Q: 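Structure in structure tokens, see below.
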Amino acid sequence: MIKVVNTLRVKKGKVNEVAALFSKAKSVHTFNGFVFMEVLIKENTEEYDELQVCTTWEDHASFEVWRESRETRKAHESQDKQEKENNLILGSEISTFEIFVQHHPA
């Protein structure tokens, strides 16, 4: 499995507004290989707020199918337009991680 983390730098005081955009399930939840999503808000930041959108996938191939999908391009096109209009998101960085081990409750 892999975890993909999209780290968003957000204007100070606007993180809850941006996080709300992820509160309802989107098309990503319907793709084969999608396991789950978490949205994390970093605490105690000074210059800007930080939000991490973390998705877990069965494998790289499943993530790439979603990434290249028409739905994704369409969603990001409207998101890019909104970002330019509102300028709430200052920047973003995507990182991928191999999930080496997970521990679950006994």
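Just so you know, these numbers come straight off a predicted model, no measurement behind them. Residues take their numbers from the sequence shown, with the count starting at 1.
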Q: Do M37 and V65 land in one hydrophobic cluster if side-chain heavy atoms of ILVMFWY residues count as linked below 4.5 Å?
A: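 Yes, because M37 and V65 connect within a single hydrophobic cluster, where side-chain heavy atoms sit under 4.5 Å apart.
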Q: Ignoring hydrogens, what is the shortest heavy-atom contact between K14 and D49? Give both atom names and the distance.
A: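 Reported closest heavy-atom pair: N-OD2, 3.5 Å.
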Q: Work out which heavy atom in G33 is nearest to a heavy atom in S62; give both atom names and the distance.
A: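 Scanning both residues, the minimum pair turns out to be CA-OG, 3.5 Å.
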Q: With side-chain contact (heavy atoms from CB on, under 4.5 Å) as the test, would you mind laying out the steps for R9 and E47 before giving the verdict?
A: CA-CA 10 Å; R9 290 182 313 282; E47 295 178 33; over 6 Å; no
Q: Side-chain contact test, heavy atoms from C-beta onward, threshold under 4.5 Å: evaluate it for N87 versus K11 and give yes or no.
A: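 Counting from C-beta outward, N87 and K11 do come under 4.5 Å.
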Q: Do you know which of L21, V15, L40, N16 makes side-chain contact (heavy atoms from CB on, under 4.5 Å) with L51?
A: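 Answer to the side-chain contact (heavy atoms from CB on, under 4.5 Å) test with L51 among L21, V15, L40, N16: V15.
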Q: Give a yes or no on whether W57 and F36 share a hydrophobic cluster (residues Ile, Leu, Val, Met, Phe, Trp, Tyr; joining criterion: side-chain heavy atoms under 4.5 Å apart).
A: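 Looking at the clustering, F36 is in a separate group from W57.
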Q: More than 12 heavy atoms of other residues, nucleotides or ligands under 6.0 Å from CZ of F34: is that the case?
A: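 Atom CZ in F34 is packed in, count exceeds 12.
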Q: Are any non-hydrogen side-chain atoms of V53 and V5 less than 4.5 angstrom apart?
A: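 V53 vs V5: side chains apart.
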Q: Check whether any side-chain heavy atom of L90 sits under 4.5 Å from a side-chain heavy atom of V10, and report yes or no.
A: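 L90 vs V10: side chains apart.
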Q: May I ask you to decide if I94's main-chain N or O and N6's side chain share a donor-acceptor pair within less than 3.5 Å?
A: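 Pair absent, no side-chain N/O of N6 close to backbone of I94.
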Q: Does some side-chain heavy atom of F31 sit less than 4.5 Å from a side-chain heavy atom of S69?
A: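 Sidechains of F31 and S69: in contact.
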Q: So E17 and L88, side-chain contact (heavy atoms from CB on, under 4.5 Å) or not? Walk me through it.
A: CA-CA 9 Å; E17 197 173 323; L88 297 180; 3.4 Å; yes
Q: Can you tell me how far CZ of F63 sits from CD1 of I2, rounded to the nearest 0.5 angstrom?
A: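 Answer for the CD1-CZ pair, I2 versus F63, is 6.5 Å.
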Q: May I ask whether W66 and V39 are part of the same hydrophobic cluster, defined by side-chain heavy atoms of I, L, V, M, F, W, Y residues being less than 4.5 angstrom apart, directly or through others?
A: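 Yes; tracing contacts between hydrophobic side chains, which count when under 4.5 Å, links both residues.
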Q: Check step by step if side-chain contact (heavy atoms from CB on, under 4.5 Å) holds for E50 and I41.
A: CA-CA 6 Å; E50 190 173 290; I41 297 174; over 6 Å; no
Q: Do K42 and T7 pair up side chain to side chain, a donor and an acceptor below 3.5 Å, judged on atom types alone?
A: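 No.
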Q: Locate the shortest heavy-atom distance separating T56 from M1; write the atom from each residue and the value.
A: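 Reported closest heavy-atom pair: CG2-SD, 4.1 Å.
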Q: Should Y48 and V18 be counted in the same cluster of Ile, Leu, Val, Met, Phe, Trp and Tyr side chains packed under 4.5 Å apart?
A: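 The answer is no; the residues belong to distinct hydrophobic clusters.
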Q: Could you check E38, E58, E98 and say which one makes a salt bridge (charged side-chain N to carboxylate O under 4.0 Å, His left out) with K3?
A: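 Among the candidates, only E38 passes.
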